[in-house]
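Model, not experiment: these values are computed from the prediction.
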Amino acid sequence: MANEMKSLKTISLHISGMMCAACVAHNEEALSSLPGVTKAVVNLATGKARVEYDPDKVTLEDMEKAVSDVGYEVVLDNMQLKIGGMSCQACASNIETAVGSLPGVGKVVVNFAAGSAGIDYVPDITSVEEIRDTIHELGYDVIERVEGQEALDRERDTRQKEIRRQLINLIISGTLGIIVMIGMLQPYWIFPAFIPVWLNNKVVLFFLTTPIVFGPARQFFINSWNGLRHGVTDMNLLYATGIGAAYGIAIINTFWPDAGFGGKDATFYEAATLLTAFIILGRYLEAVTRGKTSEAIRRLMELQPRRACVIRDNQEVEIPAEDVQLDEIIVVRPGEALPVDGTVTEGYSSIDQSMITGESIPVEKGAGDEVIGGTINKTGAFKFRATRIGKDTALSQIIKLVEDAQTTKAPIQKIADKVAGRFILGVHILSLITFLFWFFIGFSLWFTPASRMMLTPYSLSLVGAFGFSLLVSVTVLVISCPCALGLATPSAIMAGTGKGAEYGILFKGADAMETTARLQAVIFDKTGTLTKGEPSLTDVVALDGNDKEVLHMAAVAEKNSEHPLGSAILSGARAKGIEVEDADDFEAIPGQGVSATLGGRSLLLGNRRLMLEQNIAMENLLPEAERLEYEGKTVMFLAINGTASGIAAVADTLKDTSVQAINELQRMGIEVIMITGDNRRTAEAIARQVGIDRVLSEVLPEDKAKEVGKLQAEGKIVAMVGDGINDAPALAQADAGIAIGSGTDVAKETGNVILVKDDLLDVVAGIQVAKATLRKIKENLVWAFGYNTLAIPFGMGVLYPFVAQLVSPELAALLMATSSLSVTLNTLRMRGYIPPVKRHRQPDLVSGFQSLPAG
Amino acid sequence: MKNSDLISALIYTGISLLAAGIFIVATLSAKYSNVDRFGGAAWVFILSMIILMPVVIPIVKKR
C-alpha cells in the first residue's frame with residue numbers, strides 16, 4: 001500500500017473548450033474512469049485538471065484521449081529552443097525521437113534549417129532541464145530558450161485565442177443577426193418606409209441565417225454530439241437543440257408554409273441568429289472576465305524578471321533568468337527586479353518586498369541578508385549569491401501554492417457542480433414534460449389566435465399544437481442553461497486566493513478558505529506567536545532609586561552569561577545607552593544565577609534561592625517582586641557587596657499587533673484561546689495583557705494537538721495559529737492550521753493557511769478575505785440559482801394563460817447571457833476588496849504590489 | 001463499434017422509439033393534424049434520445 005502511494009504522481013493539465021459545470025463533471029468522469037487515475041479534480045475558472053495517477057498504469061496519451069473523447073482538448077505547455085550542432089535532417093529526427101519518447105512530452109517539431117525546436121510537454125512530468133539534458137546527451141547544444149515564462153505566455157495565448165475566436169463568431173453572428181432582425185421587422189410599424197421589402201423575403205433570410213448556423217453555431221452541434229456519443233450532456237446540447245429547432249421551424253415555414261408551424265409569418269430566423277449571437281456574446285464576455293479573475297496569479301507570474309545580470313569569468317553577462325545557476329553571483333541595479341532568491345554578498349540597498357510579503361515599507365538589506373526573487377531593488381546597487389533558483393524560489397513556491405489552491409474545490413462547489421451536472425438532464429426532462437403538457441392539455445385550454453412572442457413582432461395565430469408546444473419546449477431548454485452556476489464558485493475562489501496572496505496570505509486549497517471563513521474559535525500558541533518568543537528587559541527597581549546603576553551592575557554580572565535571561569538584561573542595558581564593561585571575575589551558579597566582581601565590588605544576580613543561600617536579606621524588595629511575578633515576569637534580585645540593591649525583571653513581550661489582532665477577532669465574534677506550556681500564572685498574565693479570557697496552560701508540545709481535538713469535540717470549527725514547524729501536529733489537527741511567519745520557504749509549512757509575514761493582523765485579514773470570498777460565492781449562487789428558479793416557470797409559459805404571450809427563445813438566450821455576466825461581474829468586485837483590518841495601510845501596499853511594471 | 005456501445009444504442013433507441021410510438025397512439029384519440037402527430041413524435045424521440053443516452057451508456061459500460 002505504501003509503495004502504491006509512493007508511486008502515485010500528480011499533474012496539472014490545461015484543458016480547453018470547457019464552458020460550464022457540466023464540462024467539469026464530464027472531464028472529471030472521463031479522467032477518473034481511467035485505470036490508474038486515483039483522483040481527478042477539474043476547475044472551470046482556471047481551465048485546469050489536477051490528476052493523481054499511477055504512471056505505471058496510465059500515460060499522458062491515455063489522459064489526452066479520455067479528454068478528447070468527451071469533446072475537449074488537453075493543451076500542453078510549449079517550449080521553444082534554439083539547438084546548435086545539427087548537421088542534417090537526421091539530427092532533427094534523432095532529437096524528435098529521443099525527446100518525444102520522454103514521458104509527458106507530446107508533439108516535438110525540430111526544424112533543422114532554423115536550428116530550433118518546438119516541444120509540447122507537461123512540466124509536472126518532465127522538466128525543462130530533463131529535455132535539455134536529453135538533447136545534450138545526443139551531442140547537440142541547447143543554445144537558448146527563445147522565450148521564458150512559457151506558463152504565463154501559454155495561459156495568455158490560450159485565453160486570447162479563445163477571446164479572438166469568440167469575437168470573430170460574435171461579429172459574424174451579431175452582424176448577420178441584426179440584418180436578419182431588421183429584415184424580420186420590415187412589415188411592421190414605420191419600418192416599411194426604411195427597410196426594402198426584399199430584406200423580408202424568407203429565402204433571403206434563409207441565406208443570411210444558414211452561415212450562422214453552420215459557422216459560429218457549429219461548435220454547439222459538434223460539442224454536444226461528441227458528448228452524447230460518450231453518454232454525456234452539456235450546455236452545448238441545450239444550445240444545439242434550441243438553435244436547431246428554431247432553424248428547423250424557420251426552414252419548414254419558408255419552404256412548406258402550410259405545414260402547420262405558423263406559416264410564413266412565423267419564420268423564426270432571427271430566433272436562430274440572435275440565439276447564437278447572445279450565447280456567443282455570453283461566452284465572449286465570460287472569456288474576457290474569466291481572465292480578469294486570475295489577474296492576481298498573473299501579476300505574481302509577471303514579477304519574475306526575464307533577464308538576469310550575472311558575473312561569469314569576471315565579467316557581467318546578461319542571461320535569461322531561468323539560466324541562473326546556484327551560487328552564481330548576480331548584480332542588481334536600482335529599479336531592477338531580483339531574478340532569484342539569494343544572500344547579499346556586497347553592497348547595500350533597500351528592497352520593496354511588498355509583492356511577496358505584503359510589507360508596505362521597503363526593507364534595508366546588506367551583506368549576509370537574504371533577498372527574495374521578484375522583489376524590487378529600490379536604491380543602491382548590490383551583488384548577491386543565488387541560493388534558490390527555478391522552482392525552489394519563494395515566488396515560484398507561492399505561485400505553485402496559489403495555482404494548486406485554485407485547482408481545488410471547496411465543499412460548497414462540489415455540491416454546486418453536482419447540481420449543475422445533473423441539471424442539464426433535468427432540463428431536458430422538463431422540456432419534454434412541458435412539450436407534452438402544452439401539446440395535450442395547454443394548447444386546447446388556453447391557445448388564442450392573438451398569441452404573441454414577447455418583444456418580437458410575431459403573431460402565433462397560425463401555429464398548431466406541435467409548433468406552439470415545440471416553441472415553449474425550446475425556450476425551456478435555452479432559458480434553463482446553468483452556465484452561471486458553473487462559474488459561481490471557482491471564479492470567486494480564484495479571486496479570493498489571489499487577493500490573499502496580495503497580502504502574503506496563502507490558502508493551500510479552496511476547502512481551507514471555506515473552513516477559514518466559517519471559523520468559530522482560534523487558538524494561538526503563546527511563545528513566538530502572540531509574544532516575540534525571546535525575553536526582554538521590562539522593569540528595573542532600585543531600593544535607593546538609582547535604577548540605572550542597578551541595571552548597569554546586573555548587566556556587568558550577566559555579560560559573560562550565555563543564559564537567555566542574561567542576554568535580555570544585557571540588551572536592555574545597551575538599549576538604554578549604558579556601557580557595560582567586562583567583570584573581573586564571573587561564575588555561573590546553575591539553577592540560581594551568577595556571581596561576578598567588578599572593581600572590588602561583589603555582584604550576585606539571581607533568583608530567591610540564590611539570595612536565601614547567600615543569606616541576603618531581601619524583604620524590602622519582596623512586594624515589588626511579587627507584583628512583577630503576578631504580571632508573569634521573571635524576577636532577578638541583585639545584591640552588591642552582600643546587600644540586596646534592586647530587581648531586574650524580564651519577560652517575553654507581546655508582538656506589536658497582538659492586542660489589536662485579538663480585539664479584532666473578538667469583535668468578529670470568534671472565540672480566542674491561548675495555548676502554552678508555561679505555568680498558569682505566567683500564562684494568565686500574558687492572556688490578561690492581550691485580552692484573552694480562555695487559557696490552556698502547562699500543555700506539553702505533544703499534547704497541543706489533543707487540546708485542539710477537545711475543542712473540536714465541543715462542536716467548534718477551530719483554527720490553530722502557530723509556528724509551522726514546532727506546532728505542526730496541532731496545526732494538522734485543527735480545521736484550519738494557520739502557520740505564521742513562515743518567511744519565504746512556504747512549501748515546507750504544515751498549515752493549510754500560510755502567512756508569509758510574522759504579523760498577527762494577517763490572521764484577521766486571512767479570515768476576512770475568506771469570509772468575503774465565501775460571501776461572494778453565496779451571492780453568486782443566489783444569482784445563478786435565483787435566475788434559473790425564476791426564469792424556468794416563465795420559459796414554461798406560466799404567464800401565457802393570462803397574457804397570451806410566450807418568452808421567445810432569443811429573449812431566453814439574452815436572459816441566460818445576462819445571468820452569466822452578472823455572476824462574473826459580481827466576482828470582479830473582489831478585485832477592489834481590501835480586508836477591513838488592512839484598510840489604513842492600503843496606500844503603501846498599492847504602490848508596492850499593484851503598480852509593478854509587467855514583465 | 002464496441003459491444004457495449006451497440007447494446008446501449010439498441011436500448012436508448014428502442015425506448016425512444018417506443019416513447020414516440022406511444023405519443024402517436026395518444027394523438028389518435030383527438031383531432032391532431034399529421035404535422036402535429038409526426039412532428040411531435042419526432043420531437044419526443046429526439047428529447048428521449050438526449051435524456052436516455054447519458055443514462056443508458058454509463059450503466060451498460062459499468063456492466
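Side-chain rings of A:Phe440 and B:Phe23 approach one another, their centers coming within less than 6.0 Å. Aromatic pair A:Phe468/A:Trp438: ring centres closer than 6.0 Å. The aromatic ring centres of B:Tyr32 and A:Phe439 sit less than 6.0 Å apart.
For the set B:Asn34, B:Val44, B:Leu52, the count of heavy-atom pairs under 4.5 angstrom toward chain A peaks at B:Val44. Contact tally against chain A (heavy-atom pairs below 4.5 Å) for B:Ile51, B:Val56, B:Ile46: the top residue is B:Ile51.
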Under the criterion ring-ring contact (aromatic ring centres under 6.0 Å, His included), I'd like the reasoning laid out for B:Phe38 against B:Phe45: C-alpha separation, chi angles, the key distance, then a yes or no.
CA-CA 10 Å; B:Phe38 295 107; B:Phe45 175 76; over 10 Å; no
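For chain B, the nearby part of A:Phe435 is the side chain; its heavy atoms alone come within less than 4.5 Å. If you measure heavy-atom distances from B:Ala26 to chain A, the contacts under 4.5 Å come from both the backbone and the side chain. Of the two parts of B:Thr27, the backbone and the side chain both hold a non-hydrogen atom closer than 4.5 Å to a non-hydrogen atom of chain A.
Using the six-membered ring where Trp is involved, A:Tyr247 and A:Phe206 have ring planes that are parallel, under 30° apart on the 30 and 60° scheme.
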